[in-house]
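A note on names: the letters A, B, ... follow the listed sequences, proteins ahead of strands, and every chain is numbered from 1.
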Amino acid sequence: MIPRLVLGTLSLAVLAALSWAVLSLPAQPPGLTAEALGKLPESGVTNPVTAVLLNYRGHDTLLEVAVLLLAITGVWSLRQGEFPAADLRERPLLMSLLRVLLPVLVLTAGYLLWIGAFAPGGAFQGGAVAGGALVLGILGGLAGRWMRRESLLRLGLALGVLVFASVCAVTKALTGGLLQYPPGQGGVWILLIEAAALASIGLTLGLLYVGGRPPAGPAEPGEKEPDGHG
Amino acid sequence: MVETGFTVYLLAGAGVFIIGFHALLAQAHLLRRIMALNVMGSGVFMVFIALSARTAGEAPDPVPHAMVLTGIVVSVCATGLALALADRLQSVTGATELEGGPAPGPNAGSGGEESHP
């Protein structure tokens with residue numbers, strides 16, 4: 001290991017360098033606020049952060065959604081997940097909490113997705129809430145049967161990237177530019193991408209909590225149940 | 001007065017980053033190192049948000065906001081992958097530290113945590 005004194009000196013030196021760096025930044029940088037707000041009427045949404053995420057810098061967000069898919073792929077290739085056994089009779093309090101909380105969380109995720117067009121919110125915030133709901137569901141042992149339907153999970157995890165890339169292809173064909181939405185239609189395309197991204201983000205975050213691929217069980221059980229993300 | 005507020009946030013962001021930086025080098029246990037990386041990331045996000053509030057104009061700059069927003073989710077996923085890798089390392093070799101630290105030995109799986117109070 002590095003000696004304590006060297007480590008402390010090094011940390012202080014880096015702190016001094018960083019402090020100098022942040023203090024020497026211009027006090028009133030022009031930034032991109034004017035450009036971002038100036039083009040806002042054409043972007044299809046009125047929330048500038050959503051416009052940056054899914055219109056001006058859409059490629060960046062596409063790659064970030066792909067990073068989430070890569071992360072869960074890596075986790076699945078390393079470990080097998082552990083699911084708590086589904087015995088809710090021993091945990092009546094948890095069940096009565098989940099009965100109220102899960103619908104509220106799903107509703108909140110959808111609400112955040114919708115208001116992202118004009119207020120703080122969007123796929124990432126909604127996806128985080130949906131991921132939390134999925135973690136609660138897994139802890140309550142409610143997700144055990146879904147977890148055995150691995151092909152469905154794979155589809156859900158990849159949905160964000162698939163829809164995003166398809167929108168890239170379609171907009172390329174329509175307007176000649178990748179993610180250059182047809183005039184006046186930006187909002188619809190953005191909502192479509194965000195809905196798919198929310199499902200994938202929520203599923204990714206929830207399944208990361210499990211920490212591995214679904215357990216090998218009876219593949220694709222016959223029982224029918226309503227499909228959906230977290 | 002307003003300028004002082006920004007300076008405090010910028011320096012605090014650098015400070016949070018350094019706390020993580022120091023822990024990343026000082027701690028050998030992988031779990032602590034992963035936590036240290038997260039602390040460093042929080043410092044970077046803090047600087048970004050402070051900078052976006054300081055740009056010219058009335059509204060804060062949305063571009064750093066969007067970067068931090070996606071950055072948070074990406075860092076959570078990176079943490080998940082790092083934890084899976086650390087767990088894999090432990091289950092294969094029994095080590096909770098990377099090579100080059102104090103010799104892990106066969107009992108490192110249970111004893112690694114106590115050796116760094």
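With a 4.5 Å cut-off on non-hydrogen atoms, A:Leu32 touches chain B through its backbone and its side chain both. In this structure, the portions of A:Ser19 lying under 4.5 Å from any heavy atom of chain B include both its backbone and its side chain. Contact annotation for A:Ile201: only side-chain heavy atoms (C-beta onward) come within less than 4.5 Å of a heavy atom of chain B. For chain B, the nearby parts of A:Leu7 are the backbone and the side chain; heavy atoms of each come within less than 4.5 Å. Using a 4.5 Å cut-off between heavy atoms, B:Val74 touches chain A through backbone and side chain atoms alike. At a 4.5 Å heavy-atom cutoff, B:Leu83 makes no contact with chain A through either its backbone or its side chain. If you measure heavy-atom distances from B:Pro64 to chain A, you find no contacts under 4.5 Å at all.
Crowding of A:Tyr111 atom OH: a count of heavy atoms from other residues, nucleotides or ligands under 6.0 Å not exceeding 12.
Side-chain N or O atoms of B:Thr55 include none that pairs as donor or acceptor with a backbone N or O of B:Leu51 at under 3.5 Å. Side-chain N or O atoms of B:Asp61 include none that pairs as donor or acceptor with a backbone N or O of A:Gly31 at under 3.5 Å. With A:Arg57 contributing its side chain and A:Val52 its backbone, the two residues share no donor-acceptor pair below 3.5 Å.
The candidate from A:Leu10, A:Leu18, A:Leu78 with the greatest count of non-hydrogen atom pairs under 4.5 Å with chain B is A:Leu78. Contact count versus chain B (heavy atoms, under 4.5 Å) is highest, among A:Thr204, A:Val65, A:Asp60, A:Leu25, for A:Leu25. Contact tally against chain B (heavy-atom pairs below 4.5 Å) for A:Val67, A:Thr61, A:Leu37, A:Leu23: the top residue is A:Leu23.
Taking the charged nitrogens against the carboxylate oxygens, A:Glu150 and A:Arg154 do have a contact shorter than 4.0 Å, which makes a salt bridge.
Side chain to side chain, B:Thr70 and A:Glu64 meet the donor-acceptor criterion of an N or O pair below 3.5 Å.
Residue A:Val210 forms a side chain to side chain contact (heavy atoms under 4.5 Å, CB included) with just one option from A:Val75, A:Ile138, A:Leu134, and that option is A:Ile138.
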